[in-house]
Structure formats: structure tokens, C-alpha cells
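Reading through the C-alpha cells given below for one structure.
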Amino acid sequence: MTPVHFSFTSAFILGLMGLAFHRTHLLSALLCLEGMMLSLFIALALWALQFESTGFSTAPMLLLAFSACEASAGLALLVATARTHGTDRLQNLNLLQC
């Protein structure tokens, strides 16, 4: 495994572990998701450059577009949660009370 592959794999694993073990605030969960998506984007872009395939070069841009949509939806949920509940702590959120 090259150092580049190791760094992107470790960035993805760190984001996944942060999402799994550090879920106190909604904002920290969203930041972990964004870190995972950015590591996937960079790894996918480097993979397309490494194999020099022109047909696969649109996949990183599609992933980046979906990541931007996910970020905007997450921030909208964060603002709505902060307005209704007064905090973004995930322990105070209950889906049964909504």
C-alpha cells in the first residue's frame, strides 16, 4: 500500500470512527460525514488520473455534487433543529416526539 492510499484510507477510517464514537453534537456528525466524502472524492479523482480513463473522470465530479447536496441538507437540518430544540445535541433529539 502506497503512502497516498494509506493516507486516504486512514482519513476515511478516522471519519467513520468519529461518526461512530463521537456523536454528541449534530455538527460534529456532519463534519465527520464531510471528511469521509472528501477523502472518497480525492481517492476517486486520483484513481481516475492513475488509470487515465476519460470515461471515469466524471465520477468524482458527480460525487462532489452529491456531497454538496448532502452538506446543504445537513445544514438545513442543523438550523431547523437549533431553532426548534435550542441545541444541536443528539441526545436531546427524539424522533418519536417530532
Side-chain angles (χ1 to χ4, degrees):
M1 180 180 284
T2 64
V4 175
H5 290 109
F6 177 73
S7 64
F8 293 126
T9 304
S10 63
F12 182 80
I13 295 297
L14 282 175
L16 186 64
M17 289 179 65
L19 186 63
F21 297 128
H22 188 66
R23 293 183 299 177
T24 56
H25 293 281
L26 182 60
L27 185 61
S28 66
L30 290 175
L31 283 174
C32 288
L33 281 174
E34 283 300 313
M36 290 168 57
M37 289 299 285
L38 284 176
S39 68
L40 281 177
F41 166 72
I42 293 172
L44 199 60
L46 286 178
W47 189 50
L49 284 174
Q50 182 180 6
F51 288 123
E52 296 175 358
S53 61
T54 57
F56 195 65
S57 63
T58 59
M61 296 308 287
L62 187 65
L63 181 71
L64 192 62
F66 283 136
S67 176
C69 292
E70 177 257 332
S72 66
L75 286 177
L77 285 173
L78 178 70
V79 168
T81 303
R83 284 184 181 171
T84 58
H85 296 289
T87 183
D88 70 334
R89 291 185 61 87
L90 291 176
Q91 294 168 347
N92 295 341
L93 300 177
N94 189 357
L95 291 177
L96 299 177
Q97 291 179 350
C98 291

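Everything quoted here is computed from the prediction, not taken from an experiment.
- The CG atom of Asp88 sits 8.0 Å away from the OG1 atom of Thr24 when rounded to the nearest 0.5 Å.
- Under a hydrophobic-cluster definition in which Ile, Leu, Val, Met, Phe, Trp and Tyr are linked whenever side-chain heavy atoms come within less than 4.5 Å, directly or via other members, Ile42 and Leu62 are assigned to different clusters.
- Grouped by direct or indirect side-chain proximity (heavy atoms under 4.5 Å, Ile/Leu/Val/Met/Phe/Trp/Tyr only), Leu77 sits alone.
- The shortest non-hydrogen separation linking Leu19 to Ala29 is CD1-O, 3.7 Å.
- Closest of all the heavy-atom pairs between Ser39 and Ala11 is CB-CB, 4.0 Å.
- More than 12 non-hydrogen atoms from other residues, nucleotides or ligands lie less than 6.0 angstrom from CD of Gln50.
- With values rounded to the nearest 0.5 angstrom, Glu70 atom CD is found 5.5 Å from Leu33 atom CG.
- Grouped by direct or indirect side-chain proximity (heavy atoms under 4.5 Å, Ile/Leu/Val/Met/Phe/Trp/Tyr only), Val79 sits alone.
- Screening residues 71-84 for side chain to side chain donor-acceptor pair (under 3.5 Å), with sequence neighbours left out, gives no hits.
- Of the inter-residue distances, the one linking Met61 atom CE with Ser67 atom OG reads 11.5 Å to the nearest 0.5 angstrom.
- The side chain to side chain contact (heavy atoms under 4.5 Å, CB included) search around Ala68 returns none, not counting sequence neighbours.
- Closest non-hydrogen pair, Cys32 versus Gly15, comes out as CB-O, 3.6 Å.
- The stretch residues 4-43 participates, sequence neighbours left out, in no ring-ring contact (aromatic ring centres under 6.0 Å, His included) pair at all.
- Annotation for Leu30 and Leu75: closest pair CD1-N, 4.3 Å, computed over non-hydrogen atoms.
- Residues Phe66 and Leu31 fall into different hydrophobic clusters, defined by Ile, Leu, Val, Met, Phe, Trp and Tyr side chains chained together at heavy-atom separations under 4.5 Å.
- Every residue meeting the side chain to side chain contact (heavy atoms under 4.5 Å, CB included) condition with Thr87, not counting sequence neighbours, appears here in chain and number order: Arg89, Asn92.
- Applying the side chain to side chain contact (heavy atoms under 4.5 Å, CB included) rule to Ile13 yields the partners Thr9, Met17; only residues at least two apart in sequence or on another chain are considered.
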